[in-house]
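A short write-up of the structure that comes next.
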Amino acid sequence: MPEDKPDLNSSGPDWPDPNEDDIMAGDRRISRPDSRLPDWYISDAAYRPIPIVWFAAAVIAQSIALFAIAMVFASKSGWFTIGLSTLVTVGILHWSWQRGIKDAAMGWRVATPVVLSMQLLLIIFSALGRI
């Protein structure tokens with residue numbers, strides 16, 4: 001009995017040409033004509049934190065720093081606590097601005113100094129009794 005060999009001249013199944021068509025697996029594209037890479041793989045992308053990461057880092061860093069200042073200098077003059085807290089807040093704002101908040105959307109550029117100022121006001125109000 002002769003072996004069944006595929007007929008290379010027959011039309012056969014209609015396979016998509018990866019040089020011209022997207023290759024799909026269900027609803028996922030697994031190959032594109034321009035790169036032949038799956039759509040989930042971005043070869044030339046680099047990690048870039050989003051603005052919420054810079055914002056959260058600023059808020060958390062300021063919270064920790066202001067808490068430490070308030071506890072360590074609780075027996076000192078309120079002016080010292082207010083001055084040092086203001087200096088730390090300005091430094092954290094500058095650090096966040098340089099990290100990328102300056103290039104973020106307007107909402108992040110507004111929210112960052114507003115939230116940092118609100119936290120600073122809590123320390124200022126708590127230190128007013130020691131002035």
Side-chain angles (χ1 to χ4, degrees):
M1 179 169 193
E3 292 183 33
D4 288 334
K5 293 187 179 178
D7 183 11
L8 299 177
N9 295 325
S10 69
S11 62
D14 189 23
W15 298 105
D17 181 6
N19 294 322
E20 297 178 11
D21 301 318
D22 286 348
I23 309 297
M24 303 296 288
D27 62 344
R28 298 279 302 163
R29 180 174 53 223
I30 60 172
S31 179
R32 300 175 8 174
D34 59 343
S35 67
R36 294 188 190 187
L37 293 173
D39 63 346
W40 48 263
Y41 180 77
I42 304 172
S43 62
D44 58 348
Y47 172 72
R48 180 171 165 82
I50 53 178
I52 194 168
V53 175
W54 297 316
F55 174 79
V59 171
I60 292 169
Q62 186 199 29
S63 297
I64 292 169
L66 294 186
F67 177 75
I69 290 169
M71 291 298 110
V72 170
F73 300 108
S75 62
K76 303 287 184 193
S77 169
W79 288 115
F80 186 74
T81 303
I82 292 171
L84 189 57
S85 296
T86 303
L87 185 64
V88 166
T89 299
V90 169
I92 289 173
L93 181 60
H94 178 71
W95 170 67
S96 298
W97 210 257
Q98 295 305 314
R99 286 181 77 193
I101 292 292
K102 67 179 176 195
D103 299 323
M106 180 61 73
W108 293 112
R109 292 191 310 236
V110 170
T112 303
V114 167
V115 171
L116 295 181
S117 298
M118 289 172 45
Q119 289 191 121
L120 177 62
L121 282 175
L122 292 173
I123 293 297
I124 291 172
F125 288 143
S126 71
L128 284 177
R130 293 183 280 125
I131 293 180

Give, for atom [atom1] of [X] and atom [atom2] of [Y], the distance between the pair rounded to the nearest 0.5 Å.
X	Y	atom1	atom2	result
Gln98	Trp54	CD	CH2	11.5 Å
Thr81	Ile123	OG1	CD1	8.0 Å
Ile131	Ile82	CD1	CD1	4.0 Å
Gln62	Leu93	CD	CG	9.0 Å
Phe55	Ile101	CZ	CD1	8.0 Å
Lys76	Ile69	NZ	CD1	14.0 Å

In the single-linkage hydrophobic clustering (I, L, V, M, F, W, Y; side-chain heavy atoms under 4.5 Å), do [X] and [Y] co-cluster?
X	Y	result
Val88	Trp97	yes
Val72	Ile92	yes
Leu66	Phe125	no
Leu120	Leu128	yes
Ile50	Val59	yes

Which residues pass the ring-ring contact (aromatic ring centres under 6.0 Å, His included) test with Phe67, not counting sequence neighbours?
none
Any chance you could pull the hydrophobic cluster mates of Ile64, using side-chain heavy atoms under 4.5 angstrom and chaining through other members?
Ile60
Has Arg99 got its NZ or CZ under 6.0 Å from the middle of the six-membered ring of Trp95, at an angle within 45 degrees of the ring axis?
yes
Atom CD1 of residue position Ile52 - does it have more than 12 heavy atoms of other residues, nucleotides or ligands inside 6.0 Å?
no
Atom pairs and distances, donor-acceptor, side-chain atoms in residues 107-118, under 3.5 Å, two or more places apart:
| from | atom 1 | to | atom 2 | distance (Å) |
| --- | --- | --- | --- | --- |
| Arg109 | NH1 | Ala104 | O | 3.1 |
| Thr112 | OG1 | Trp108 | O | 2.8 |
| Ser117 | OG | Pro113 | O | 2.7 |

Test side-chain contact (heavy atoms from CB on, under 4.5 Å) on Gln119 and Ser63 and set out the steps.
CA-CA 7 Å; Gln119 289 191 121; Ser63 297; 2.7 Å; yes
